[in-house]
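Each remark here refers to the structure printed beneath this line.
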Amino acid sequence: MAVTLEQAQRVGYTCLKALLRFAFMVANNLVAIPSYVLYLIVLQPLRILDSKSFWYIEGVLFKWLLAMVASWGWWAGYTVVEWGDDVKAVSEDEAMVLVNHQATGDVCTLMMCLQDKGTVVRQMMWLMDHIFKYTNFGIVSLIHGDFFIRQGRTHRDQQLVLLKDHLEKYYRSRNRKWIVLFPEGGFLRKRRETSQAFAKKNNLPFLKHVTLPRLGATQVILKTLVAPQENGAPSGGDAVRK
């Protein structure tokens with residue numbers, strides 16, 4: 001089948017746009033991430049003298065980085081439409097956000113959604129698979145204080161202990177507010193079959209578009225950061241916390 005001149009021009013234009021977008025993403029990474037790291041190295045004396053101000057500045061830089069990642073989607077013509085309650089009303093509160101994980105694009109989409117939600121982006125903590133530690137953005141997440149969790153039964157108990165220690169060490173000291181957690185523990189396409197088999201075995205709902213949530217990390221977060229309740233009110237003693 002012969003290709004017309006118009007079709008060839010359309011294919012060429014599409015390839016050119018793809019190359020430009022890829023070049024833009026590479027330039028972002030080569031400039032923005034080293035700049036973030038170098039700024040924070042220079043500001044280390046401030047971290048010793050005024051830790052609160054240091055982490056405020058770090059949060060602003062972190063938000064700018066995430067805005068750059070979100071811009072990749074905007075440039076490609078993607079937009080996000082929100083409906084329901086406006087979560088901006090609780091942007092200054094402490095919250096755990098459970099996000100259905102379909103594919104890698106979820107992270108970029110979430111970054112687009114949260115840019116206009118007050119201080120959420122600069123005060124959030126992400127829980128992600130440990131493999132992301134070795135990506136180009138890994139150094140940023142390490143500095144910011146995100147938690148990298150290792151998947152698999154053999155690591156499960158140890159990872160929950162490490163998560164508890166991580167929260168106690170970094171969550172309050174860096175004035176974090178939101179914790180973003182993907183309760184499926186991985187991509188839908190990788191987890192769906194196992195989830196459905198578990199549901200069938202335990203007489204649970206048969207889900208096609210999401211998987212059954214894994215509760216280990218959620219329970220650790222709530223037990224570590226939320227005061228125990230007695231008849232609907234915080235218990236007494238040192239357990240009373242915001």
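Note that the numbering runs from 1 along the sequence shown for the chain. All figures in this text were calculated on a predicted structure; none of them were measured in a lab.
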request  = Kindly give the heavy-atom pair with the smallest separation between Cys108 and Gly73, and that separation in Å.
outcome  = SG-N, 4.4 Å

query = Side-chain heavy atoms under 4.5 angstrom apart, residues restricted to Ile, Leu, Val, Met, Phe, Trp, Tyr: same cluster for Tyr39 and Leu49?
reply = no

query = If you draw a 6.0 Å radius around CD in Gln44, do more than 12 non-hydrogen atoms from other residues or ligands fall strictly inside?
reply = yes

ask   = Are the side chains of Asn175 and Gln123 in touch, meaning some heavy atoms are under 4.5 Å apart?
value = yes

inquiry  = Quick check for you: to the nearest 0.5 Å, what is the distance between Asp86 atom CG and Asp116 atom CG?
reply    = 8.0 Å

message = Could you check whether any side-chain N or O of Trp178 sits under 3.5 Å from a backbone N or O of Asp93, counting only pairs where one atom can act as donor and the other as acceptor?
response = yes

Linked, directly or transitively: Leu142 and Val37 (ILVMFWY side chains, under 4.5 Å) = yes

message = For Glu82, is there an ion pair with Lys117 - N to carboxylate O distance below 4.0 angstrom?
response = yes

task = Assess whether side chain to side chain donor-acceptor pair (under 3.5 Å) is satisfied between Tyr36 and Glu58, documenting all intermediate values.
result = CA-CA 8 Å; Tyr36 169 90; Glu58 184 278 334; 2.5 Å; yes

ask   = What distance do Tyr56 atom OH and Leu61 atom CG have between them, rounded to the nearest 0.5 Å?
value = 11.0 Å

task = Just jot down the side chain to side chain contact (heavy atoms under 4.5 Å, CB included) partners of Lys52, sequence neighbours excluded, or say none.
result = Asp50

message = Quick check for you: to the nearest 0.5 Å, what is the distance between Trp126 atom CH2 and Leu110 atom CG?
response = 4.5 Å

key: Phe148 CZ to Leu162 CG distance, which is reported to the nearest 0.5 Å   = 13.5 Å

ask   = Taking all atoms of both residues into account, what is the closest heavy-atom pair of Leu40 and Phe54, and its distance?
value = O-CE1, 3.9 Å

inquiry  = When you group the ILVMFWY residues by side-chain heavy-atom contacts below 4.5 Å and let the links chain together, are Leu207 and Leu204 in the same group?
reply    = yes

request  = Say whether Glu168 and Thr224, considering side chains only, have a donor N or O and an acceptor N or O under 3.5 Å apart.
outcome  = no

task = Only counting residues at least two apart or in another chain, list the ones meeting ring pair (Phe, Tyr, Trp, His ring centres under 6.0 Å) with Phe147.
result = His166

Phe24/Ser71 under side chain to side chain contact (heavy atoms under 4.5 Å, CB included): CA gap, chis, key distance, verdict = CA-CA 10 Å; Phe24 175 63; Ser71 71; 3.8 Å; yes

inquiry  = Donor-acceptor pair, distance only, cut-off 3.5 Å: does the side chain of Tyr171 make one with the backbone of Lys177?
reply    = yes

task = Would you kindly confirm whether Val140 and Leu43 end up in one hydrophobic cluster when ILVMFWY residues are joined by side chain heavy atoms under 4.5 Å apart?
result = yes

inquiry  = Using the rule given for side chain to side chain contact (heavy atoms under 4.5 Å, CB included), can you reason through Leu225 versus Arg172, listing the C-alpha separation, both sets of side-chain angles and the distance that settles it, and then say yes or no?
reply    = CA-CA 9 Å; Leu225 300 179; Arg172 305 284 181 196; 4.0 Å; yes

inquiry  = Set out, in order, the CA-CA distance, both residues' side-chain angles and the distance that settles side chain to side chain contact (heavy atoms under 4.5 Å, CB included) for Phe137 and Met128, then state yes or no.
reply    = CA-CA 12 Å; Phe137 211 78; Met128 64 190 80; over 6 Å; no

task = Quick one: closest heavy-atom pair of Ile33 and Leu65, and the distance?
result = N-CD2, 4.2 Å

key: Trp64 CH2: over 12 foreign heavy atoms closer than 6.0 Å   = no

message = Test your reading of the model: is there a side-chain donor-acceptor pair from Gln159 to the backbone of Arg150, 3.5 Å cut-off?
response = yes

inquiry  = Quick check for you: to the nearest 0.5 Å, what is the distance between Met96 atom CE and Leu181 atom CG?
reply    = 6.5 Å

Minimum-distance pair of heavy atoms, taken over all atoms of Thr79 and Met112 = CA-CE, 4.3 Å

query = Does any pair with a residue in residues 192-202 pass side-chain hydrogen bond (donor to acceptor under 3.5 Å, both in side chains), and if so which ones, sequence neighbours excluded?
reply = none

remark   = Heavy-atom nearest pair, Ser173 first then Trp55, reads O-CD1, 4.3 Å

request  = For a side-chain contact (heavy atoms from CB on, under 4.5 Å) with Asp146, tell me which candidate from Tyr170, Phe62, Phe132 qualifies.
outcome  = Phe62

message = Measuring only between side-chain heavy atoms, which start at C-beta, is Met124 closer than 4.5 Å to Lys63?
response = no

message = As an exercise, state the distance from CD1 of Ile149 to CD1 of Ile131, rounded to the nearest 0.5 Å.
response = 14.5 Å

query = In terms of hydrophobic clusters joined by side-chain contacts under 4.5 Å, are Val80 and Phe182 together?
reply = no

request  = Flag the pair Ile221 / Leu127 as yes when at least one side-chain heavy-atom distance between them is below 4.5 Å, and no otherwise.
outcome  = yes

task = Check whether any side-chain heavy atom of Ile57 lies under 4.5 Å from a side-chain heavy atom of Leu46, and answer yes or no.
result = yes

query = Is the NZ atom of Lys169 crowded by more than 12 outside heavy atoms at less than 6.0 Å?
reply = no

ask   = Are Leu16 and Leu20 close enough, and set up right, to give a side chain to side chain contact (heavy atoms under 4.5 Å, CB included), and what steps lead you there?
value = CA-CA 6 Å; Leu16 179 61; Leu20 288 174; 4.2 Å; yes

inquiry  = For Ile41 versus Pro45, what's the shortest heavy-atom pair and its separation?
reply    = O-CD, 4.5 Å

message = Within the 4.5 Å heavy-atom criterion, are Met125 and Leu167 side-chain neighbours or not?
response = yes

